[in-house]
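Side chains are part of it too, since the values below use all heavy atoms of this structure and drop only hydrogens, waters and symmetry mates. Order of listing sets the numbers, starting from 1, for every ligand and every atom in it.
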Amino acid sequence: MNPSRNPFIAGNWKMHRTVSESVSLARAVADGSRIGPRTEVVVAPVATALAAVGKALEGARVGLSAQNVHWEDQGAFTGELSPGMLKDVGCAYCIVGHSERRQLFGETDANVHRKLLALRRHGLAPIACLGETLSERESGVTYDVLRRQLDGMLGALEREEATALLTGLIIAYEPVWAIGTGRTAKSTDAQSAHAYLRDRIRDRFGEVADTVRILYGGSVKADNAAELLAQPDVDGVLVGGASLDAAGFARIIQAAG
Ligand code: PGA
């Protein structure tokens with residue numbers, strides 16, 4: 001196993017929990033989980049709770065992620081937060097391109113590309129999401145969609161620039177039909193999609209593909225995490241609903257070893 005691909009378990013709390021509830025949940029995750037020596041754990045609270053959760057997690061083995069970011073450093077962008085502002089409150093990671101942002105808030109691959117570059121410039125690790133819808137899967141275009149999204153997110157970079165962007169990048173394959181539905185992808189289908197993404201990165205940019213962590217997301221729970229994590233190209237999981245329960249999330253963390 002490539003050491004840069006240590007297991008990565010992320011909890012996306014979406015638009016749930018107040019500041020004090022988020023702090024309690026973060027403490028419960030940090031205190032109640034047995035985190036294996038190689039495993040990385042990250043939680044992504046709502047933006048209003050980032051500073052307080054960041055403080056509560058100081059010294060703990062649980063990292064802090066935002067759920068979105070703008071690519072500019074500052075300016076007249078009402079409602080947005082810059083990478084520097086996220087770093088300022090203790091974030092080391094940021095989710096970008098989540099399907100809810102794509103479907104409900106007009107997020108595009110081109111904007112995700114700008115966000116990836118901005119995050120890297122500030123030393124934050126992006127967790128870049130992609131995945132097909134149910135109708136795309138049923139009409140047999142899953143891999144075309146994944147290729148289009150991946151190529152759009154990575155952009156037309158030269159190999160050298162791409163290597164800087166890809167080193168330490170985290171990608172999350174999240175089939176839209178599996179998110180919040182209780183319908184998880186079969187572990188073998190997840191493996192095929194992950195291997196496809198890694199091959200595509202290798203074709204375009206070479207061996208750096210073997211350092212990119214590819215997470216699976218979509219109805220991950222304590223009882224299906226181990227099977228997904230056992231797949232050779234599944235380097236971790238991005239967990240929504242099940243990450244709001246500290247005990248269940250702790251069992252998912254344990255499944256990573
Ligand atoms: P879910 O969400 O685990 O509730 O399906 C995953 C995600 O949206 O990241």
Participant: Taking 4.0 Å as the limit for heavy-atom contacts, which would you say applies to Ala172 with ligand 1: side chain only, backbone only, both, or neither?
Facilitator: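 No part of Ala172 is near ligand 1 at this cut-off.
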
Participant: What atoms of ligand 1 come closer than 4.0 angstrom to any heavy atom of Glu174?
Facilitator: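 It comes down to these atoms of ligand 1: 6 (C), 7 (C), 8 (O), 9 (O).
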
Participant: For a salt bridge (charged side-chain N to carboxylate O under 4.0 Å, His left out) check, start with the C-alpha distance between Asp223 and Arg251, then their side-chain angles and the critical distance, and finish with the verdict.
Facilitator: CA-CA 8 Å; Asp223 57 9; Arg251 284 175 57 212; over 6 Å; no

Participant: Is it true that Glu136 and Tyr143 share a donor-acceptor pair across their side chains at a distance under 3.5 Å?
Facilitator: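 No donor-acceptor contact under 3.5 Å links the two side chains.
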
Participant: Evaluate the side-chain proximity of Val43 to Ser243: yes if any heavy-atom separation is below 4.5 Å, no if none is.
Facilitator: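 No - every pair of side-chain heavy atoms lies 4.5 Å or more apart.
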
Participant: Does Gly218 have a non-hydrogen atom less than 4.0 Å from ligand 1?
Facilitator: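 Within the 4.0 Å threshold, so yes.
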
Participant: With a 3.5 Å distance limit and no angle check, can you tell me whether Tyr196 reaches the backbone of Leu146 through a side-chain donor-acceptor pair?
Facilitator: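 No; judged by distance alone, with no hydrogens or angles, the pair does not exist.
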
Participant: Can you find an N or O of Thr181 that's nearer than 3.5 Å to an N or O of ligand 1?
Facilitator: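 No, since none of the N or O atoms of Thr181 sits under 3.5 Å from an N or O of ligand 1.
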
Participant: Of the backbone atoms (N, CA, C, O) and the side-chain heavy atoms from C-beta on, which set of Asn12 has a member under 4.0 Å from an atom of ligand 1: side chain, backbone, both, or neither?
Facilitator: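 Within the 4.0 Å criterion, Asn12 contacts ligand 1 through side-chain atoms alone.
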
Participant: Would you say Gly241 and ligand 1 have an N/O pair spaced under 3.5 Å apart?
Facilitator: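 Min N/O separation from ligand 1 is below 3.5 Å for Gly241.
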
Participant: Looking at Arg213, Arg5, Arg38, which one forms a salt bridge (Lys or Arg N to Asp or Glu O under 4.0 Å) with Asp235?
Facilitator: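 So, applying the salt bridge (Lys or Arg N to Asp or Glu O under 4.0 Å) to Asp235 and each of Arg213, Arg5, Arg38, only Arg5 qualifies.
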
Participant: To the nearest 0.5 Å, what is the distance between CG (Leu228) and NE2 (His194)?
Facilitator: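 So the CG of Leu228 and the NE2 of His194 are separated by 8.0 Å.
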
Participant: Determine whether any heavy atom of Ala178 lies closer than 4.0 Å to an atom of ligand 1.
Facilitator: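 So Ala178 counts as touching ligand 1.
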
Participant: Any idea which atoms of ligand 1 are less than 4.0 Å away from a heavy-atom of His98?
Facilitator: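 The list of qualifying atoms is 7 (C), 8 (O), 9 (O).
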
Participant: Do we see a donor-acceptor contact under 3.5 Å between the side chains of Asn68 and His98?
Facilitator: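 No pair is found: no donor N or O on one side chain lies under 3.5 Å from an acceptor on the other.
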
Participant: Is a side-chain N or O of Arg120 found less than 3.5 angstrom from the main chain of Leu166, in a donor-acceptor match?
Facilitator: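 Side chain of Arg120 to backbone of Leu166, a donor-acceptor pair under 3.5 Å: no, none is there.
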
Participant: Check whether any heavy atom of Lys14 sits under 4.0 Å from an atom of ligand 1.
Facilitator: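 The answer is yes, since Lys14 has a heavy atom less than 4.0 Å from ligand 1.
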
Participant: Does an N or O anywhere in Gly240 fall below 3.5 Å from an N or O of ligand 1?
Facilitator: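 Yes: some nitrogen or oxygen of Gly240 is under 3.5 Å from one in ligand 1.
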
Participant: Look only at interatomic distance and state if Gly180 has a nitrogen or oxygen under 3.5 Å from any nitrogen or oxygen of ligand 1.
Facilitator: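 N/O-N/O distance under 3.5 Å: yes.
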
Participant: Flag the pair Tyr93 / Phe8 as yes when their ring centroid distance falls below 6.0 Å, and as no otherwise.
Facilitator: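 Yes - the distance between ring centres of Tyr93 and Phe8 falls below the 6.0 Å cut-off.
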
Participant: Is the shortest distance from a heavy atom of Gly217 to ligand 1 less than 4.0 Å?
Facilitator: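 No; Gly217 lies far enough from ligand 1 that no heavy-atom distance drops under 4.0 Å.
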
Participant: Identify, by atom number and element, the atoms of ligand 1 in contact range of Leu238, meaning under 4.0 Å from any of its heavy atoms.
Facilitator: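 The atoms of ligand 1 under 4.0 Å from a heavy atom of Leu238 are 9 (O).
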
